[in-house]
Visitor: 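Handing you this structure, nothing more for now.
As the structure is a computational prediction, the values presented were derived from the model and not from experiment. Naming: A, B, ... by sequence-line order, numbering from 1 per chain.
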Amino acid sequence: MRPISYSRVADVGTAIGTVSADPESAFLAGGTTQVDLMRIYVEQPRRLVDINDLPLTRVEELPDGGLRLGGLARMSDVAEEPAVVRRYPMVAEALLMGASPQLRNMATVAGNLMQRVRCSYFRDVAAGCNKRAPGTGCSALDGINRGHAVLGTSECCIATHPSDVAVALVALDAVVQTEGPAGRRSIPIDDFFLLPGQTPEREHPLTHGELVTGIDLPPLPVAATSRYVKIRDRESYEFALAAVAVAMSVAGGRITEIRLALGGVATKPWRARAAERVLDGAPADTDSFTRAAEAELASAVPHGMNAFKIELTRRTMVRALAEMAQREGTA
Amino acid sequence: MSPAIGGTLNRVDGRFKVRGESRYSAEVPVTNLAHAVIVNAKIASGRITAIDTSEAERAEGVLAVLTHRNLGRVATVPRLLPSLAGLAAPGQTFFPMQDDTIHYGGQPVAVVVADTIERADHAGTLIRIEYETTPATTLLDQARDRAYVPERIFGGLLPGHASRGDVTKALAEAEVCVDATYRFAPNHHNPIEPSASTAVWEDVDRLTVYDSTQGPNAVQFTLAELLGLPPISIRVVSHAVGGSFGSKAMVWHHPAVAALAARHVGRPVRLVLSREQMFTSCGHREEQEQQITLGARADGRITALRHHKLSLTSPFDDWAEPSLQSPSVAYTSPNYEGVYHLVRGNTITPTFTRAPGEATGMFALECAMDELAERIGIDPLELRLRNYSATDPESGKPWSSSGLTECYQRAAELFGWHDRDPRPRSRQDGQWLIGTGMASALYPVTQPVNPQRARARLYNDGTAVVEAGVSEFGTGVFTAMTQVAADALGIPVERVRFVGGSSDLPNVTAAVGSAGTSAVGSAVHLAASQLRDELIRRAVADDHSPLRDADPANVEVRDGKMVLRDRPDVGETYADLMHRTFAPDVEVLGTWNPPPQDAGYGVHTFGAQMAEVAVDADLGVVRVRRMVGVFAPGRVLNRKTAHSQLMGGMLWGLGQALLEATRMDPRLGRWANASLGDYLVPVNADAPDVVVDTVEVHDEVVNPLGMKGVGEIGVVGAAAAIANAVYHATGRRQYELPITLEKLL
Ligand SMILES: Cc1cc2nc3c(=O)[nH]c(=O)nc-3n(C[C@H](O)[C@H](O)[C@H](O)COP(=O)(O)OP(=O)(O)OC[C@H]3O[C@@H](n4cnc5c(N)ncnc54)[C@H](O)[C@@H]3O)c2cc1C
Ligand code: SF4
């Protein structure tokens with residue numbers, strides 16, 4: 001690790017002021033991504049500003065009936081929060097299926113959205129990687145890319161966005177609250193994650209020193225009937241090969257409301273709008289689910305080892321939708 | 001007093017471990033300590049054309065930057081010999097940083113020594129190295145056409161090819177044939193403690209190295225040759241070792257580098273490998289492919305076995321893990337041919353990885369057996385029974401002990417094997433296809449070559465210290481040795497302290513090949529028994545002893561008291577005798593001379609494995625639901641630690657079957673997943689219900705206590721049982737490990 005200076009701040013203003021004043025600085029929350037990447041020299045800030053003392057750790061009710069997750073709320077705390085478990089079960093499930101208990105006790109939800117990709121070439125400073133070192137090429141295109149994305153890719157980068165909870169948040173149209181040198185912003189979550197395109201180094205619209213203060217979950221009755229399905233090589237402590245966040249209402253055998261997002265297969269937490277369009281108002285049956293999955297995956301692009309993900313995702317979507325419909329039907 | 005051997009004594013080091021009080025090699029307090037960090041080559045083949053260390057040298061806290069230009073030369077690189085031989089045991093016959101050539105990715109090219117490990121690590125990134133790159137071979141597929149058959153493998157201990165009968169003829173005449181090729185991903189050991197060496201020159205020519213190793217003496221002898229010093233100038237201490245699985249069985253470059261660096265800076269130097277470096281510094285299980293051809297009669301009797309292995313080795317050594325040995329004697333087969341084919345590639349020399357060879361070789365054989373059973377239409381267990389060999393098929397000699405058929409029987413009972421419907425895809429549980437599979441487990445009983453020694457000393461208060469130069473790397477050997485010594489001396493375990501972990505102690509071989517506990521255990525047993533006999537001899541010769549003139553053969557020791565066997569009221573304690581005769585202590589050195597490997601018996605350990613898996617019919621996800629392993633490992637010293645070893649081995653097999661794979665990027669010549677986040681091993685959530693049992697066999701041949709070892713047999717066959725269960729569940733044969741879900745979509 002490169003030598004660093006470290007300070008711990010107690011208020012939001014100082015945090016933003018300190019980081020925005022120094023281009024070679026970074027916020028330190030749980031450190032589970034930040035310190036990891038500094039140890040392998042992928043990130044090399046000179047200054048770390050520890051924000052763990054900021055009063056942003058709570059989960060609060062919003063006047064409109066929604067819920068605000070403090071930016072520094074720990075993954076494990078949010079996953080156990082009764083309001084989250086009852087009203088947004090897929091958020092709690094996605095959190096609990098991410099990382100390990102030890103990591104979840106340290107990691108914050110804002111840090112989770114900000115985590116970097118797991119592409120091994122991104123993590124290997126001696127390898128070409130457009131995201132880490134723009135213009136050096138993408139080693140994953142014809143390299144070890146079993147875990148890489150099939151949706152939202154570009155010829156510059158095919159790295160999968162690794163977060164689980166972000167997938168649920170995207171399905172719910174959560175809003176990211178930020179505060180920066182230029183004041184406060186509310187960013188719809190789908191705009192918070194950028195496609196790699198020609199600039200894979202740009203992953204989100206934040207300016208340097210802009211702090212994620214909270215994540216707002218809108219009041220959404222359908223979210224109470226939601227779940228997160230995650231397929232992975234091992235039963236725990238492993239990123240998704242394919243994941244589905246689904247919230248669904250069914251009446252008279254037809255889907256009256258649907259929110260669907262995919263994880264583990266796309267360069268950003270992937271709102272499955274094409275599939276949603278097929279499903280909205282359609283009969284809640286396997287045929288609809290299959291058509292929806294196929295509509296969403298029509299634009300999928302395989303790259304060598306990850307070709308299986310298209311079929312895996314199709315089947316996982318059908319599985320998740322069918323199980324959800326069955327639960328809704330019997331409820 | 002009930003015997004300690006066979007009981008469930010808690011680990012004597014358990015308290016210290018859970019309290020964090022055990023001192024590992026990187027934790028031994030040393031004053032004036034400096035830290036070394038190795039810098040590794042980023043290319044796999046070529047030459048260093050320029051190296052600029054000036055910026056690194058100027059970095060804060062840096063004491064020295066050593067490269068091939070200024071690191072001390074090693075005196076001689078000893079020949080590669082498995083550490084079981086008791087001599088110097090380098091992991092490979094190449095020592096880095098002696099010239100500018102790069103042979104493999106991750107080869108050490110520089111060492112930075114600084115006042116803190118962080119500063120050394122950072123300065124390492126400031127070294128500018130230019131390379132001239134030449135094409136590298138890092139995958140079998142790149143160089144199949146360059147394969148050769150080595151004369152000998154495994155440090156020269158085993159032949160490169162072997163045969164009996166006429167396999168070609170027998171295959172031509174066979175009524176049924178199974179021919180299959182199996183591919184195995186490379187595997188890494190991943191012990192929880194990365195290797196670490198702390199080198200302290202107490203004097204110009206007296207070196208102490210605190211090293212994480214399976215064999216302190218092997219390190220001592222290897223360092224002596226590398227550094228050109230006599231063994232008396234080198235002491236190797238290994239207080240506690242955080243696991244090894246073979247990564248610390250041989251002696252790699254880092255202890256010598258630590259010693260050279262310490263000499264260079266004139267301060268003690270600590271060198272700790274990073275997790276990533278553990279993937280390029282201590283060998284691995286090589287990428288390999290095995291072809292099995294089984295010929296049989298229509299009733300399932302095997303008439304021929306042809307077993308070829310193709311694997312990648314280093315530019316320096318003809319290394320292949322011995323995959324063919326156990327399969328060659330698993331069943332009666334009059335005609336046999338086994339051949340190793342090697343391809344030289346740009347890799348460190350591969351090495352022992354838990355169940356080295358058996359894990360892959362028995363996988364191939366036992367999957368082929370499953371296919372044969374199906375082809376013939378008999379139960380897989382019945383097929384094994386029909387081919388059971390009561391003698392070693394290689395030599396025709398009787399087994400020293402076997403227990404294999406009892407293992408099958410017991411496993412079948414515990415598992416409920418006999419209710420099995422043999423048809424694939426015959427059981428379903430919701431979305432899950434359910435299947436069961438089995439395999440035999442075989443592991444050779446490998447005898448050390450050199451005499452094994454232990455010292456036993458009894459104090460006049462009736463407590464005893466027993467010493468041997470073995471290290472405790474998590475197997476529970478210190479606990480088992482406490483039990484062995486207590487029983488031989490006739491005193492409770494609380495009055496025995498076992499001390500190991502230093503090359504200054506009586507010499508035993510490195511604890512490898514599942515032979516560690518039996519090697520040192522035999523020496524400890526002899527030392528403690530001879531000590532007891534010495535005290536009895538003194539008692540019967542002492543005019544003041546109640547035992548005077550008794551026949552020593554009629555004296556036994558109960559709870560520290562020597563008594564007449566038929567009149568236990570007559571006798572005296574060790575302490576009484578020693579006080580009366582002014583003896584502060586009595587000490588004996590016990591030496592066990594292992595029998596030669598071909599002492600008229602076939603020596604192998606046997607077992608049976610069964611597994612039930614659930615495979616998601618749509619998604620291909622495989623989950624192991626339960627495993628049963630029954631083994632016949634001879635005498636079990638401690639049921640608790642033995643059980644842990646066997647269960648841990650079975651879970652290793654699960655990892656081998658479903659998860660473990662190091663992925664090589666042939667363009668870079670480097671591993672693409674050298675971290676525990678990316679190299680998947682099973683976690684608790686993957687661990688099924690595991691039932692472990694043992695079958696008692698009495699073995700008078702292998703060693704005085706009849707121990708055959710439990711460290712590795714648990715791995716063998718576990719992956720095959722799982723793969724066979726996956727076939728039974730899905731109807732799809734698996735020829736490549738690990739079985740990841742895309743293979744079942
Ligand atoms: C082995 C391993 C396995 C994992 N598995 C999973 C998994 O299965 N699923 C999953 O979803 N995640 C997984 N993770 C990722 C983990 O969830 C993230 O590392 C964690 O959520 C990051 O949060 P943190 O608080 O530790 O962030 P930090 O590491 O402290 O920060 C991460 C980044 O965000 C910035 N940052 C932090 N807080 C803020 C803020 N409030 N505003 C603006 N910027 C901020 C930091 O500057 C830094 O750049 C895994 C991580 C590891 C190491
Ligand atoms: S996929 Fe993206 S992160 Fe990975 S090497 Fe290519 S550019 Fe870098």
Side-chain angles (χ1 to χ4, degrees), chain A residues 1-4 32-33 36 38-41 44 97 99-101 103 118-128 137 139-147 162 229-239 241-242 305-320 322-323, chain B residues 40-43 59-61 105 116-119 121-126 274-276 431 616-624 654-655 658-668 670-678 680-688 738-745:
Chain A
M1 194 190 282
R2 172 170 164 178
I4 51 159
T32 60
T33 287
D36 185 26
M38 287 167 65
R39 285 207 170 130
I40 54 176
Y41 298 90
Q44 304 205 35
M97 287 184 205
S100 67
L103 285 159
R118 308 300 298 188
C119 171
S120 64
Y121 305 102
F122 174 76
R123 295 171 64 85
D124 175 357
V125 290
S139 299
L141 279 178
D142 46 14
I144 307 282
N145 54 21
R146 178 172 179 267
V229 175
K230 180 174 178 179
I231 306 301
R232 44 185 159 172
D233 284 315
R234 65 180 168 194
E235 189 66 32
S236 166
Y237 189 36
E238 171 60 345
F239 294 92
L241 287 170
M305 296 172 78
N306 72 359
F308 76 96
K309 279 190 165 186
I310 300 177
E311 182 59 20
L312 179 69
T313 309
R314 192 183 69 76
R315 296 186 190 189
T316 309
M317 289 173 78
V318 173
R319 163 78 56 83
E323 286 182 358
Chain B
N40 306 92
K42 294 293 184 191
I43 65 162
E60 211 174 336
T116 70
I117 186 169
E118 291 81 6
R119 284 172 164 170
D121 187 71
H122 175 243
T125 66
L126 304 176
S274 67
R275 179 58 64 187
E276 188 184 352
Q431 76 209 40
D616 190 308
D618 299 322
L619 306 180
V621 174
V622 182
R623 297 288 178 244
V624 180
L654 186 156
L658 302 180
L659 295 168
E660 294 199 35
T662 331
R663 304 273 177 210
M664 172 57 66
D665 185 325
R667 301 164 309 167
L668 305 176
R670 297 201 295 277
W671 302 115
N673 59 336
S675 84
L676 278 177
D678 299 304
L680 302 190
V681 298
V683 294
N684 277 332
D686 297 298
I739 305 167
T740 45
L741 60 78
E742 63 266 43
K743 293 168 185 156
L744 291 162
L745 274 185

Visitor: What part of B/L676 gets within 4.5 angstrom of chain A, counting heavy atoms only: side chain, backbone, both, or neither?
Guide: backbone
Visitor: For the atom pair CZ (A/R118) and CG (B/N673), what is the distance rounded to the nearest 0.5 Å?
Guide: 12.5 Å
Visitor: Less than 4.5 Å apart, side chain to side chain, heavy atoms only: is that true for B/E118 and A/R39?
Guide: no
Visitor: Is it the side chain or the backbone of B/D686 that comes within 4.5 Å of chain A heavy atoms, both, or neither?
Guide: both
Visitor: Among the options A/D124, A/V318, A/I231, pick out the one with the most heavy-atom pairs lying under 4.5 Å from chain B.
Guide: A/D124
Visitor: So what's closer than 4.5 Å to chain A heavy atoms on B/R119: side chain, backbone, both or neither?
Guide: neither
Visitor: Compare all side-chain heavy atoms of A/R319 with those of B/D616 and state whether any distance is below 4.5 angstrom.
Guide: yes
Visitor: Of the backbone (N, CA, C, O) and the side chain (C-beta and beyond), which part of A/F239 lies under 4.5 Å from a heavy atom of chain B, both, or neither?
Guide: neither
Visitor: Please list, chain by chain and in numerical order, all residues satisfying salt bridge (charged side-chain N to carboxylate O under 4.0 Å, His left out) with B/R275, sequence neighbours excluded.
Guide: none
Visitor: Do B/L680 and A/Y237 make a side-chain contact, defined as non-hydrogen atoms from C-beta onward lying under 4.5 Å apart?
Guide: no
Visitor: Heavy-atom pairs under 4.5 Å with chain B - which of A/A307, A/S236, A/A242 has more of them than the others?
Guide: A/S236
Visitor: I want to check something: taking the side chain as every heavy atom from C-beta on, are B/M664 and A/I144 in contact at a cut-off of under 4.5 Å?
Guide: no
Visitor: Counting only non-hydrogen atoms closer than 4.5 Å, does B/L745 touch chain A with its backbone (N, CA, C, O), its side chain (CB onward), both, or neither?
Guide: both
Visitor: Is it the case that the side chain of A/R315 and the backbone of B/G620 share a donor-acceptor pair, with hydrogens and angles ignored and the cut-off at 3.5 Å?
Guide: no
Visitor: Could you check whether any side-chain heavy atom of A/R234 comes within less than 4.5 Å of a side-chain heavy atom of B/V681, counting everything from C-beta outward?
Guide: yes
Visitor: Can you tell if the side chain of B/R663 reaches within under 4.5 Å of the side chain of A/S120, non-hydrogen atoms only?
Guide: no
Visitor: Using side chain to side chain donor-acceptor pair (under 3.5 Å) as the criterion, list what pairs up with B/T662, not counting sequence neighbours.
Guide: B/H188
Visitor: Please state whether the side chain, the backbone, both or neither of A/S139 comes within less than 4.5 Å of a heavy atom of chain B.
Guide: both
Visitor: Kindly indicate whether the side chain of A/R146, heavy atoms from C-beta on, has any atom under 4.5 Å from the side chain of B/E742.
Guide: yes
Visitor: Can you tell me how far the CD atom of A/E311 sits from the CG atom of B/L619, to the nearest 0.5 Å?
Guide: 10.0 Å
Visitor: With a 4.5 Å cut-off on side-chain heavy atoms, are A/P3 and B/H122 touching?
Guide: yes
Visitor: Against chain B, label A/D142 side chain, backbone, both or neither, depending on which of its atoms sit under 4.5 Å from a heavy atom there.
Guide: both
Visitor: Would you mind checking which part of A/Q44 comes under 4.5 Å of any heavy atom in chain B, side chain (CB onward), backbone (N, CA, C, O), both or neither?
Guide: neither
